[in-house]
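Structure first, then comments.
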Protein chains: 2
Amino acid sequence: MPTLNYSKQRQAILDHLQSRKDHPTAEMIYHTLRKSMPNLSAGTVYRNLGLLTELGQVKKLTGLDGVDHYDGDVSAHSHFICQCCGKVDDVFFDADALLNEKAAEHYDGSITSHHVYFYGTCKACLKNKKEK
Amino acid sequence: MPTLNYSKQRQAILDHLQSRKDHPTAEMIYHTLRKSMPNLSAGTVYRNLGLLTELGQVKKLTGLDGVDHYDGDVSAHSHFICQCCGKVDDVFFDADALLNEKAAEHYDGSITSHHVYFYGTCKACLKNKKEK
DNA sequence: AAAAAATTAAGAATGATTACTGTTTTTTAT
DNA sequence: ATAAAAAACAGTAATCATTCTTAATTTTTT
């Protein structure tokens with residue numbers, strides 16, 4: 001397996017992702033970073049997000065809109081997807097540790113982690129609906 | 001919105017999906033059904049799986065391997081993804097009702113449902129590793 | 001049984017992601 | 001510090017799941 005060398009691009013991707021609180025796609029990251037790194041390549045963004053995910057430095061969110069999103073916050077938390085506007089929010093709550101245990105009682109493999117996706121309507125969309 | 005008429009193809013897709021306990025992709029379903037319906041079209045499978053998902057008759061599983069999988073069992077349960085072989089198992093456990101409540105305490109939108117993905121190593125892969 | 005509406009088959013189009021190729025950075029070893 | 005080796009890059013082509021389009025077929029309605 002290949003050794004991981006330093007690269008300006010990978011560092012920029014990680015820094016940028018950690019600096020924002022939302023959950024951008026590779027394409028969004030690419031477009032934003034391109035302003036300061038005009039010849040950044042899209043492939044580089046995809047490849048490095050993949051590497052960073054393997055290293056556990058970022059988290060890849062798949063059950064959303066078909067496109068992969070990324071989260072620079074790797075602490076244990078869940079995600080909320082608004083079925084109205086599609087936005088992705090963080091949900092912090094402490095049942096996390098319990099879940100693996102609970103699940104282990106009902107499954108005979110080895111469970112090491114989990115991810116919870118919540119669905120519903122976000123605050124902004126709720127407000128919007130009322131106004132109509 | 002369009003009225004939903006009966007179609008042999010849609011019925012076959014639903015019946016087939018409900019008859020199996022695993023979580024096939026659209027492509028897998030297409031290949032299997034094609035044996036008995038030689039001119040079934042792939043687009044038809046994709047479109048009907050989408051419709052059936054909207055109707056809540058089947059469940060679409062996204063956070064897996066990049067390809068959408070489908071579940072004919074729509075009762076409340078979680079899924080386990082083996083990081084070794086990629087297989088998807090069902091996990092039945094009763095914390096489901098609690099989760100929405102717990103999460104609601106930490107989020108100010110309206111949460112209506114959730115889906116939990118567990119990750120780890122399945123029984124078969126655990127056994128495999130020991131033998132090496 | 002004829003008209004209207006919905007669905008299909010088949011294949012083209014899309015779009016996110018991955019793979020490839022030649023060049024540039026980064027590391028290693030002198 | 002510098003030359004060789006390894007890894008990463010940019011740019012572009014290729015892939016592959018999924019969606020879209022169109023004309024033909026089924027299903028429903030009258």
Side-chain angles (χ1 to χ4, degrees), chain A residues 1-17 22-55 57-71 81 86-88, chain B residues 1-17 22-55 57-71 81 86-88:
Chain A
M1 57 196 66
T3 323
L4 214 50
N5 282 344
Y6 172 85
S7 100
K8 202 182 304 186
Q9 290 86 343
R10 181 158 52 242
Q11 190 64 52
I13 291 166
L14 181 58
D15 287 348
H16 173 69
L17 196 47
D22 59 346
H23 310 83
T25 63
E27 209 276 338
M28 288 161 150
I29 296 168
Y30 170 60
H31 259 82
T32 309
L33 287 183
R34 209 142 206 277
K35 291 172 195 162
S36 47
M37 306 178 83
N39 48 3
L40 174 68
S41 176
T44 299
V45 175
Y46 279 100
R47 185 167 34 76
N48 281 303
L49 285 171
L51 287 167
L52 290 168
T53 301
E54 276 184 55
L55 293 174
Q57 307 216 41
V58 307
K59 195 146 196 193
K60 187 197 226 174
L61 305 181
T62 48
L64 310 182
D65 56 3
V67 188
D68 291 346
H69 291 242
Y70 291 87
D71 192 343
I81 298 104
K87 104 172 163 151
V88 183
Chain B
M1 58 191 64
T3 323
L4 213 52
N5 282 343
Y6 172 85
S7 102
K8 203 182 302 184
Q9 291 86 343
R10 179 156 54 242
Q11 190 64 52
I13 290 166
L14 180 57
D15 287 348
H16 172 68
L17 195 47
D22 59 347
H23 310 82
T25 63
E27 209 276 338
M28 287 161 151
I29 295 168
Y30 170 61
H31 258 81
T32 308
L33 287 184
R34 209 141 206 275
K35 289 172 194 161
S36 46
M37 307 178 81
N39 47 5
L40 176 67
S41 176
T44 299
V45 176
Y46 279 100
R47 185 167 35 76
N48 281 303
L49 285 171
L51 287 168
L52 290 168
T53 302
E54 277 185 52
L55 293 174
Q57 308 217 41
V58 307
K59 195 147 195 191
K60 188 196 226 175
L61 305 180
T62 48
L64 310 181
D65 55 4
V67 187
D68 291 346
H69 291 242
Y70 290 86
D71 192 342
I81 298 103
K87 104 170 160 154
V88 183

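Any value given below was found using the heavy atoms of this structure, including those in side chains, with hydrogens, waters and symmetry copies removed. Chain naming here is simple, since letters A, B, ... match the order of the sequence lines and numbering starts at 1 in each.
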Using whole Å, report how far [atom1] of [X] lies from [atom2] of [N].
X        : N       : atom1 : atom2 : result
Leu49(A) : dA8(D)  : CG    : C1'   : 15 Å
Leu52(A) : dA8(D)  : CG    : C1'   : 13 Å
Gln11(A) : dC9(D)  : CD    : P     : 12 Å
His69(A) : dT17(C) : NE2   : P     : 9 Å
Leu4(A)  : dT25(C) : CG    : C1'   : 14 Å
Asp68(B) : dG15(C) : CG    : C1'   : 15 Å

When rounded to the nearest 0.5 angstrom, what distance separates [atom1] in [X] from [atom2] in [Y]?
X        : Y        : atom1 : atom2 : answer
Gln11(B) : Leu52(B) : CD    : CG    : 9.0 Å
Asp71(B) : Thr53(B) : CG    : OG1   : 10.5 Å
Leu33(B) : Met28(B) : CG    : CE    : 13.0 Å

Note to self: Using a 4.0 Å heavy-atom cut-off to protein, can you give one letter per nucleotide of nucleotides 19-30 of chain D, 5' to 3': B if the base is in contact, S if only the sugar-phosphate is, - if neither?
What the structure shows: B-------SS--

Notebook entry, point to check: Is there a donor-acceptor pair closer than 3.5 Å between any side-chain N or O of His69(B) and the backbone N or O of His23(B)?
Noted result: yes

Check: Listed by chain and number, what are the salt bridge (Lys or Arg N to Asp or Glu O under 4.0 Å) partners of Asp22(B), not counting sequence neighbours?
Finding: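 Residues passing salt bridge (Lys or Arg N to Asp or Glu O under 4.0 Å) with Asp22(B): Arg20(B).
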
Margin query: Tell me every residue that passes salt bridge (Lys or Arg N to Asp or Glu O under 4.0 Å) with Lys60(B), counting only those two or more places apart in sequence or in another chain.
Written below: Asp68(B)

Check: Excluding sequence neighbours, so at least two apart, what forms side chain to side chain donor-acceptor pair (under 3.5 Å) with Asn5(A)?
Finding: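 Side chain to side chain donor-acceptor pair (under 3.5 Å) list for Asn5(A), sorted by chain: empty.
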
Give every donor-acceptor pair under 3.5 Å between a side-chain atom in residues 44-51 of chain B and any protein atom, sequence neighbours left out.
| residue | atom | partner | partner atom | Å |
| --- | --- | --- | --- | --- |
| Asn48(B) | OD1 | Arg10(B) | NH1 | 2.7 |
| Asn48(B) | ND2 | Thr44(B) | O | 3.0 |

Check: Looking at DNA chain C, which of residues 25-41 of chain B put a heavy atom within less than 4.0 Å of it?
Finding: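 Within this stretch, Arg34(B), Asn39(B), Leu40(B), Ser41(B) sit under 4.0 Å of the strand.
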
